[in-house]
Amino acid sequence: MNRKKNALWHLPLMIIGIIALLPVVFMISNSFKTLQESYQSILSLIPNKPTTINYTTLNHQVNLARLAWNTFFMATLVTLGKLFTGLLAAYAFRYYQFKHKNLIYLLFVATIFVPFTIVMIPNYLVIAKLNLLNSVIGVALPQLCDATGIMIFLKTMEKIPGSLFDSLKIDDIPNRRIFFNIVLPILKPSIISVGAMFFINSWNEYVWPTLILKDKSSFTLPLALQNYISSEGGTNFPLAMALSSIMIVVPLIIYLIFQRYILNSISNSGLK
Amino acid sequence: MNRKKNALWHLPLMIIGIIALLPVVFMISNSFKTLQESYQSILSLIPNKPTTINYTTLNHQVNLARLAWNTFFMATLVTLGKLFTGLLAAYAFRYYQFKHKNLIYLLFVATIFVPFTIVMIPNYLVIAKLNLLNSVIGVALPQLCDATGIMIFLKTMEKIPGSLFDSLKIDDIPNRRIFFNIVLPILKPSIISVGAMFFINSWNEYVWPTLILKDKSSFTLPLALQNYISSEGGTNFPLAMALSSIMIVVPLIIYLIFQRYILNSISNSGLK
Amino acid sequence: MSDNNATIELKEITKDFKNTKVIDQLNLKVAAGEFLVLLGPSGCGKSTTLRMIAGLESVSNGEVLIDGDDLKKKANDGHTIAMVFQDYALYPNMTVYQNLEYALKVHKVAKDERQKRLESILETLNLSDYRDRLPSELSGGQKQRVALGRGMAKKSKIFLLDEPLSNIDVQLREKARDEIQSLHDRNKQTIVYVTHDQLEAMALGDRIAVMNDGIIQMVDTPENIYKNPTNLFVAKFIGTPQINVLPVWYQDGYLTMDETKLVKLDRINSIDPKDYLLGVRPEHIKVSKNSESEFSVPTKVTKIVDYGRYIQLTLDLNGQHVIKAVTKDIDCKIDDTVFIRIDERTSIIFDKDSQKNIYWDRV
Amino acid sequence: MSDNNATIELKEITKDFKNTKVIDQLNLKVAAGEFLVLLGPSGCGKSTTLRMIAGLESVSNGEVLIDGDDLKKKANDGHTIAMVFQDYALYPNMTVYQNLEYALKVHKVAKDERQKRLESILETLNLSDYRDRLPSELSGGQKQRVALGRGMAKKSKIFLLDEPLSNIDVQLREKARDEIQSLHDRNKQTIVYVTHDQLEAMALGDRIAVMNDGIIQMVDTPENIYKNPTNLFVAKFIGTPQINVLPVWYQDGYLTMDETKLVKLDRINSIDPKDYLLGVRPEHIKVSKNSESEFSVPTKVTKIVDYGRYIQLTLDLNGQHVIKAVTKDIDCKIDDTVFIRIDERTSIIFDKDSQKNIYWDRV
């Protein structure tokens, strides 16, 4: 096999590399341009005169610390809730026999493919009825049924050899102990990676929180960003890019810390 | 272990079951209610006097066949494009040595966590510059770098034992043949399941197509639905639910046809 | 029945799996303190039988009695039975010591007692240096010893082992076998041991139950099973190289093959004149360079393998039969002609249709 | 050098992996048409050596010569070398026939020729009935035969086999071994065969190269390796039960242990008076019920295993040494006292420090 053929195989990599990474570079670049330069040459990758003016302006206009805290609090709550229900549900699917188990599982997984657009309104109405509008609980509740988490945990549990449970059964170890002393510790890497994924996704979420959170004081970062963008075309484009750049920092840090776990676990499950 | 303890473990399943499935039942139910009944008792699960009026009205107001065809065409194009780039990229990652391979892979996966809100504007500007607004190619192009597909394919390729490639190397089989004669056939189940996933996700997609497709004649189903919902609160709620119910049919069929592949490949589920 | 061990009795056990009988009306008694080996090829139902004794697999029909009590009616108390699995089933998140301690801790054995027991086990199994290691940091042989130790820690009356040596290196197996043997000598638990390796079975078992197709073919001491197998399956399954099987015809006191008289039967002469199968183990084929009696048959040497301790010959008889012979010393070359002789005492005669040993029930 | 086979020569091969030498200055010549077995424990570098011959693994230093040509300078042509892998490496999406045909098809062997070759191979390996099955529908033994057939189809000069029998049932191994042997007898390719199983090595190899820690310890015929091993490692690795090793002292023509005279050395008398290790294979320990000479030593029987063909005794000497003996017939019980004798002819004497066989270079 010669070098020419080799290069040919790199082509798709280069194309998707550009498609994947260009927007992020573009975003960071524009956040350091003046409003004027951004208008003139929005697609140039390197600012002529890099400036931090957008960041300082942003700091005056919104309470960044408050936004970050709100986002963090919401993401943490949603993550813990989803991990809790996901782990219990997966354990029930794995180790209990009940009627129509396969059908129920099939329906669970089906919910992954029901678009959010469709469940949005029913969910909104239920949350309103429950008087949970404008509350973080209201944001978290409909997300507790994340089938992705269940699937990943279930798959990891299935990798635990059956003989381990046979052994526990012969030793007459109660279920509660099996769950906490054996299953949870074994699942630790999965829990970390799924937790990180949940957290990042929740951190980035904006459609659903926009519907539920009306009060400015409980706004999260994506909601604030939405405000900058939604004014049709963006009155101040570099400002929006600056806020985007700030917003992306926390997921980036989490991703880098847990990358080893995330790379393993996502590709195992095969789902986002 | 007694039955009481058993029931305790079923609780989380029941809770998330309700959270997951209720909205869909609710949607279908309301699509068979009259506008009046929907206003009066929107949360009741069984319509008093079931009616198909919403479906006939819908059929008069929009060209359902045209919408469905547009959606199907776009989803097919996006799916094929993503499968193509994903397979080639995964193969390159698996079987070629190049500089900074791990770093590049890490960046690829990172793009999964960059929220769409953030890349939306840069992507829009690029598509506009390329004169691809209002075209299906414009919708498809930025989606070609789906890292999820690459990860799943890469993982499946990693499961192919190294000795298979050693054997092919000793027999001096050229790369092109290895890819088409060996790797693709082995990956068939993954390709089917990932393809189904891509298709369903693309079928449901609305934010990005809304930005690119302005011409009514190229609208897809989710865009039409968006039109019914966006008039703040929904002037005709049962009508929107009827369109939702129609829209959900194709993903449901695909999921049911390919469920074996999807469940296997995504979660390697072995509940039996 | 004692403090250390218990009897096991399987009564008319049947196990159906998806409409096929995996185990068919199996009866088996294991005496208290006995070391019984379940031996058979893969898929013969030996593991299923063991799992039914352990209570891990339900019984479709019949009873499993432990010390006379029905297992179905009495839930497993976590004390009576210990089991070692083929893949060891160690808890991956616990150290060696924690693995051994876990069940005792859950069942509230006092800390002093626990420590005393475990220290002595770690000592016995040479694991003291590895007590704080995780299973992933151990070699196959070490894992196997930890699994053994975890079973010992329970001081159960019954010890079940499911192919415990199949995942460790050949070189280490002999040593591990000796270890299991001496544990049994010391503790005198009732042991049921599953394996597909006939040498392992011969070395360990007080008695061996040879299984095939869900049916116990023979239960007896290793010696009897080797020397006097009930049927052709058992004869072929035990012994390597395999027993030679020759199609013969009985008439007038002689077994003949292709018109050649092979063996004169003195012990038995009341069998019907018809086709039989003659089984002779390779070491019972007497090989000599010259014809030594009227029953000597000429054969051609096709292969000679010197294993050091013995020499294995592959012989060709008339271009129709392949005979393997094991001898200590013979000076021959490939393509030489040598003579073989078969003795009545070492002949096993099988009925051609039923494949049963016709001598067997007469002994 | 011929049409059927090729010579292999490894010259001062070194292989580094992450700064450790996996293979250290290895030299090995395989004659054309020879059946050479690479034998050693797992991790000894035998598979790496095979993979370097195959060109799958690069060589850090040294040369691999095939028929005198350097492998590095001449790319693999896809014809010279065939290889069978431990996990068979069958293409899961192709039928048995397609698996055998694939490489030939890619390399444009004419259809008639392909068909002729494959039919005969399928016939030879008893695979004709399975030609349209997928690998997933085959048993382990059948997969192994398909892998073998795929290698044969290429009619290569060199055939490499990497533990080809380790994944099939014990019962089938003897048959598979015979098959490989007869293939070699028929085709006379140069074969390099990797295994960790000493019996397999003894049965198959024209010569055996025993490896440990990336170094070849000894290359010789099976007989010589068994009878006259170069060092203690080889002596212990070959033969089961393992060779007995006793610490002895040489003085005035005698090997003594704990003040007891064990062996009188007549053949050699020019060795230094110091500590040695005496190796005696279990079948060379002469066991008798009564003391038969001044060198008879009393021991206590601690274990008797009857394997049918032979009886294995475990003997205790003074409560300090464990000796294993293999005998044909002896009438004794556990705890009996029996006498053992060791013959000079069957004694192997190792230097205590270097662990080398002191006889070896004198023969």
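Predicted, not measured: the structure shown is a model, and the values here were computed from it. Chain A is the first sequence line, chain B the second, and so forth, proteins listed ahead of strands; every chain is numbered from 1.
Ranked by heavy-atom pairs under 4.5 Å with chain A, the first of Pro115(B), Ser245(B), Pro222(B) is Pro115(B). Among Gly86(B), Pro142(B), Ala89(B), Ala110(B), the residue with the largest count of heavy-atom pairs under 4.5 Å with chain A is Ala110(B). Most heavy-atom pairs under 4.5 Å with chain B, from the set Thr111(A), Ile200(A), Leu243(A), Ile18(A): that is Ile200(A).
The environment of CZ in Phe98(B) is crowded: more than 12 heavy-atom neighbours from other residues, nucleotides or ligands sit within 6.0 Å. The environment of NZ in Lys129(A) is sparse: at most 12 heavy-atom neighbours from other residues, nucleotides or ligands sit within 6.0 Å.
Here the CD1 atom belonging to Ile28(A) is positioned 9.5 Å from the CD1 atom belonging to Ile118(B), to the nearest 0.5 angstrom.
Residues of residues 247-257 of chain A lying under 4.5 angstrom from chain B, judged on non-hydrogen atoms, are Met247(A), Ile248(A), Tyr255(A), Leu256(A) in numerical order.
Inter-residue side-chain proximity for Ile121(B) and Met241(A) is flagged as met; some heavy-atom pair is nearer than 4.5 Å. Side-chain contact between Leu21(A) and Phe108(B) is absent, with no heavy atoms from C-beta onward closer than 4.5 Å. Between Val109(A) and Gln259(B) the shortest side-chain heavy-atom distance does not fall below 4.5 Å.
In plain terms, the two heavy atoms of Pro122(A) and Pro23(B) that are nearest each other are CG-O, 3.8 Å.
Under the ring pair (Phe, Tyr, Trp, His ring centres under 6.0 Å) criterion, Phe165(B) pairs with Tyr95(B), not counting sequence neighbours.
In this structure, the portions of Leu106(B) lying under 4.5 Å from any heavy atom of chain A include both its backbone and its side chain. Proximity to chain B (any heavy atom under 4.5 Å) is restricted, for Ile150(A), to the side chain, taken from C-beta onward.
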